[in-house]
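Scroll down for the structure; my scribbles are underneath it.
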Amino acid sequence: MTSFLNLSELKEWETIPGYKVKFVHTRNMTIAYYDVKAGSPFPEHSHVNEQVSTIIRGKFELVIEGESRIMTVGDVAVIPSGARHFGKALTDCRIMDVFYPVREDYAGRFKS
């Protein structure tokens with residue numbers, strides 16, 4: 001993998017309706033750059049990976065283990081391994097998610 005990338009050159013995927021994403025996979029992490037349409041839900045799920053989500057633009061309602069928060073620009077959520085979580089874009093959003101270790105389910109299907 002090269003050391004320098006430009007997001008405009010990465011392939012864009014729609015993983016679920018309303019969620020377009022570009023992935024960067026390293027040996028140890030997956031970074032996802034999402035553009036999300038207002039009103040788009042993200043279903044409840046969990047995974048073994050730790051996740052750190054940062055709101056770059058917009059408002060997103062995130063629920064982690066039953067605790068709900070309206071997240072806005074600059075807000076960061078730390079989602080522990082195995083935690084149940086889900087959410088919904090309240091406006092158009094840009095969100096950056098970092099996963100450790102690599103999301104093998106994404107790395108195997110969504111290669112730039």
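Annotation: His85 is not in aromatic contact with Phe42 [ring centroid separation under 6.0 Å not met].
Other residues, nucleotides and ligands contribute more than 12 heavy atoms inside 6.0 Å of the CD atom of Glu44. Counting non-hydrogen atoms of other residues, nucleotides and ligands closer than 6.0 Å to CZ of Arg57 gives a total above 12.
Taken from OG1 in Thr30 to CG in Asn49, the straight-line distance is 7.0 Å, to the nearest 0.5 Å. Note: Leu62 CG to Lys88 NZ = 14.0 Å, rounded to the nearest 0.5 Å. Atom CD1 of Ile31 sits about 11.0 Å away from atom CZ of Phe23, to the nearest 0.5 Å. Rounding to the nearest 0.5 Å gives a distance of 7.5 Å between CD1 of Ile16 and OG of Ser40.
Using a 4.0 Å cut-off between a side-chain N of Lys or Arg and a carboxylate O of Asp or Glu, Asp35 and Arg94 qualify as a salt bridge.
For the pair Thr91 (side chain) and Lys59 (backbone), a donor-acceptor distance under 3.5 Å is present. Side chain of Asp92 to main chain of Ala38: a donor-acceptor pair is present (N/O by atom type, distance under 3.5 Å, no hydrogens or angles). In this structure, Glu65 contributes its side chain and Arg84 its backbone to a donor-acceptor pair below 3.5 Å.
Between the side chains of Asn28 and Thr26, no donor-acceptor pair is found at a separation under 3.5 Å.
In this structure, Trp13 is not a member of the same hydrophobic cluster as Val102, with clusters built from ILVMFWY side-chain heavy atoms closer than 4.5 Å.
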